[in-house]
Amino acid sequence: MAEAVSLSFPDNSVRDYPPETTGADIASGISKSLAKKAVAYALDGEVRDLADPVRRSGALEILTRDDPRALELIRHDCAHVLAEAVQELWPGTQVTIGPVIENGFYYDFARETPFTPDDLPVIEKKMAEIIQRNKPFAKEVWDRQKAKDVFAEKGEGFKVELVDAISEDQDVKIYSQGEWFDLCRGPHMASTGQVGDAFKLMKVAGAYWRGDSTRPMLSRIYGTAWATKDQLKAYLHMLEEAEKRDHRKLGREMDLFHFQEEGPGVVFWHSKGWRMFQSLVAYMRRRLDGTYEEVNAPQILDKALWETSGHWGWYQENMFAVKSAHAFTHPDDEDADHRVFAIKPMNCPGHVQIFKHGLKSYRELPIRYAEFGNVHRYEPSGALHGLMRVRGFTQDDAHVFCTEDQLAAECMRINDLILSTYADFGFQEITVKLSTRPEKRVGSDENWDHAERIMAGVLDEIAAKSGGRIKTAVNPGEGAFYGPKFEYVLRDAIGRDWQCGTTQVDFNLPERFGAFYIDETSEKKRPVMIHRAICGSMERFLGILLENYAGHMPLWFAPVQAVVATITSDADDYAREVVEELRAAGLKVELDLRNEKINYKVREHSLAKVPAILVCGKREAEEKTVNIRRLGSNTPSSKTLAEAVAALSEEAVAPDLARGMSRKAASNDA
RNA sequence: GCUGCUGUAGCUCAGUGGUAGAGCACUCCCUUGGUAAGGGAGAGGUCGCGAGUUCAAUCCUCGCCAGCAGCACCA
């Protein structure tokens, strides 16, 4: 027979309870008000139903709605309420799964006609009704076969499949809320009333059953739920703010780039956007630091070359191919040139050709070829998304040809470069993921074993070297078709993660192309190849930067660093002089002499996110000063022209150059 | 690619089975104004493309294209 349990509480008190005491019993034993507010309990941190008996000793906490751990319960319960509401409104709709996700939950339904946004308020109303009914959540453990029979009889085929997926050592648990019940592993709160009213259905979407694009598409409803109305409001407000920093919106407002129908997924860079692009390229080029050789390989190459590389076989659905226009318009003309060329989706095969041109000695290794390579990939239409996912983009790509002995050191060297680059753009939270062999792949298992072993070692070293600051993880089966890879994921200012950099070890491509170097004993040896990118795609990286900074680019990166704006035309000549001085100092400056009020000019340039507005009126012209208004501040400051030029040009130095300057200064001092 | 929604002036968006409207932007005129919109006038649209229904289609139907959200895929 079960023995009494001894429980310790957050206030450090310890009490004994008879066997089979439930969380609810304990709560009501403590106080009436706690019993009323309790939604669940945690035993040694594990959250459980209030109605669950406490069967072992440990640290016990009664959770109320305000506990952060209750949030997950609120959301999960809300998903159940949603499912009941939908089935009550539209009987015959099948329920499938409804998990908690970041900031909310969703529930996937199977039905003939998908939901429309108009359905959401109707469902919300029904949900409020169910919450009002305040039915207790009750758990039962069912016999596996009974569960399958019951769901089968209800026409819930997906649930039957889910029951089958529960492993034999697990109970099949059913949670009911009044008449309605669902298969669920729990835990849940005490009753539907505890869900509260701080929830909102957000959107409808299609989603594949079990995330598999070969299986049926279900109708998903996304919702968000919080402990209080204020939290819900804050979340909705946060979403609005995030929308304001959408790079597509900023691109329009700041006149950086556009897209149009004739070019799905390819960017029209306007002058200011292209300036930013060029700043990024210039920065990355400086960081090549003389240790890479920059090269440039052709945009189109014979299909045969891509067959050799394996791309034609493994990557075909993502590739564009071209032939002469004449061959297109005259497919039957035997005299026409019908050769098929692929537009490069990757730079690696080109770089192997450059490596192969001429004999290479072991003395030359590692050879590092860098290219700001413009690649095209035929991305699925639904994947396109502003600058973040395009069909034509520029990679800050490089391929390192080295010996196996050099491999680990090269990976670390790349790691250091990647991390310092991200730091220069203010990204500190980085995760490095090791992606291992995918199902669709080229190369022998021995090669994969080998490469993965080396990379696992490097991953540990990366973590150790950063002193735990860099998080690491493993992504099984997510590697490229030719080799395992490190993915560098950075977190931006509003907490979103972006995969940018990548380091991929490749034993296959050198072999496929028969690349070799001559070793110490005059033998031909196969080099190992490392693919690496830091920004990944320059386009995407710029999109990330725009959103990270909400368009407020740091001075060194801003396409227009300052605007000199006059108050009246009396100051025109002086304003021209100011612009000249700033330009002489290398600053990107524009002049606004328009016949408009200063309010108007300030507003317009502020909306265009110009970092500094230099206002010049009669006073400034007489005193040879400028009045500087920095973006985001409404308290301008007056400086002499010389001071302003010095301050702005110092701030406009790129971080890598600033490092160089401070090193130089330090060595001069010494 | 899949599911749903959307496509009207440079931008944001109204609107109607009888071929269109606002605000901002643009051009011109007045205004020389001290830190987020001074006033007036004017110009600007094959209502995404193609078929169909209809006396008549921007509006209804179908197909295509593109965009948005999610899924799948991914730098």
Side-chain angles (χ1 to χ4, degrees), chain A residues 106 108 113-119 202-222 246 248-249 252-253 255 258-265 315 317-318 345-346 373 375 377-397 435 478 480 485 487-489 498-502 504 531 533-541 543-544 565-572 593-608 613-620 627-631 633-638:
Chain A
Y106 66 79
D108 285 347
T113 45
F115 299 101
T116 72
D118 295 338
D119 295 331
M202 304 298 286
K203 53 197 168 198
V204 294
Y208 297 111
W209 170 234
R210 308 222 125 184
D212 185 339
S213 60
T214 62
R215 308 189 75 171
M217 180 153 279
L218 308 171
S219 278
R220 175 173 297 179
I221 295 177
Y222 282 94
D246 186 314
R248 293 165 299 187
K249 196 170 151 70
R252 240 192 331 268
E253 289 168 357
D255 191 19
H258 84 268
F259 292 88
Q260 63 188 49
E261 284 202 14
E262 294 85 345
Y315 203 66
E317 59 191 24
N318 286 292
M346 296 187 193
V375 295
R377 298 182 184 174
Y378 186 79
E379 298 293 339
S381 57
L384 302 180
H385 181 92
L387 295 177
M388 302 305 198
R389 195 73 186 274
V390 287
R391 284 181 174 162
F393 60 103
T394 307
Q395 292 182 305
D396 58 332
D397 204 2
S435 295
E478 297 291 316
K485 60 182 176 182
E487 291 175 348
Y488 286 78
V489 178
W498 300 98
Q499 202 239 290
C500 295
T502 174
Q504 310 178 359
H531 310 242
I534 296 172
C535 299
S537 144
M538 305 302 254
E539 285 78 359
R540 172 184 285 186
F541 200 72
I544 294 167
T566 51
I567 293 172
T568 67
S569 50
D570 296 341
D572 285 4
L593 298 180
R594 288 175 305 169
N595 175 16
E596 294 292 350
K597 287 196 172 181
I598 193 63
N599 289 6
Y600 183 92
K601 294 185 184 183
V602 164
R603 176 181 153 84
E604 197 173 86
H605 300 305
S606 298
L607 288 175
I613 300 171
L614 278 57
V615 174
C616 293
K618 240 184 253 175
R619 208 153 60 219
E620 286 73 19
N627 199 269
I628 304 185
R629 183 194 168 104
R630 294 302 300 261
L631 185 58
S633 154
N634 50 13
T635 48
S637 72
S638 183

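Contacts of A/Ala383 with the nucleic acid, taken as non-hydrogen atoms under 4.0 Å apart, include base atoms. Across all strands, A/Glu620 comes closer than 4.0 Å to base atoms (heavy-atom distances). Within 4.0 Å of A/Gln499, counting heavy atoms only, lie sugar-phosphate atoms of the nucleic acid but no base atom.
With B/rU35, B/rA75, B/rA66 as the candidates, the nucleotide lying closest to the side chain of A/Glu487 is B/rA75. Checking B/rA36, B/rU35, B/rG70 against the side-chain heavy atoms of A/Arg220 singles out B/rG70 as nearest. Counting only heavy atoms from C-beta on, A/Arg252 has its side chain closest to B/rC11 among B/rU3, B/rC68, B/rC11. Among the nucleotides B/rA72, B/rC71, B/rG34, the one closest to any side-chain atom of A/Pro380 is B/rA72. Which of B/rU32, B/rG70, B/rG67 sits closest to the side chain of A/Leu384 comes down to B/rG67. Closest to the A/Lys597 side chain, of the nucleotides B/rG34, B/rG38, B/rC65, is B/rG38.
Of the nucleotides present, none pairs with B/rA75 by Watson-Crick or G-U wobble criteria with both distances under 3.5 Å. The base-pairing partner of B/rU16, taking Watson-Crick or G-U wobble contacts with both distances under 3.5 Å, does not exist among the strands shown. In a base pair of the Watson-Crick type (N1 to N3 plus N6-O4 or O6-N4) or a G-U wobble (N1-O2 and O6-N3), with each distance short of 3.5 Å, B/rC62 is matched with B/rG50. Base pairing of B/rC26 is made with B/rG42, judged by Watson-Crick or G-U wobble geometry with both donor-acceptor distances under 3.5 Å. Taking a pair to require two hydrogen-bonding distances under 3.5 Å in either a Watson-Crick or a G-U wobble arrangement, B/rA57 remains unpaired. As the counterpart of B/rA36, no nucleotide is assigned, since no Watson-Crick or G-U wobble pattern has both distances under 3.5 Å. In a base pair of the Watson-Crick type (N1 to N3 plus N6-O4 or O6-N4) or a G-U wobble (N1-O2 and O6-N3), with each distance short of 3.5 Å, B/rG70 is matched with B/rC2.
Counting non-hydrogen atoms of neighbouring residues, nucleotides and ligands closer than 6.0 angstrom, the CD atom of A/Glu317 reaches no more than 12 such neighbours.
Minimum interatomic distance between A/Arg629 and A/Ser606 (heavy atoms only, all atoms of both residues): NE-OG, 4.4 Å.
Considering only side-chain N and O atoms, A/Lys203 lies nowhere under 4.0 angstrom from the phosphate OP1 or OP2 of B/rC68.
Mapping A/Thr568 and A/Asn599 onto RNA chain B by nearest heavy atom places A/Thr568 closer to the 5' end of the strand.
Checked for salt-bridge contact, A/Arg248 and A/Asp246 meet the test: a charged N lies under 4.0 Å from a carboxylate O.
Atom CZ of A/Phe115 is separated from atom C1' of B/rA69 by 17 Å (rounded to the nearest Å).
Distance noted for atom C1' between B/rU61 and B/rU54: 12 Å (whole Å).
With centroids closer than 5.5 Å and planes inclined by less than 30 degrees as the test, A/Tyr600 and the base of B/rA36 fail to qualify as a stacked pair.
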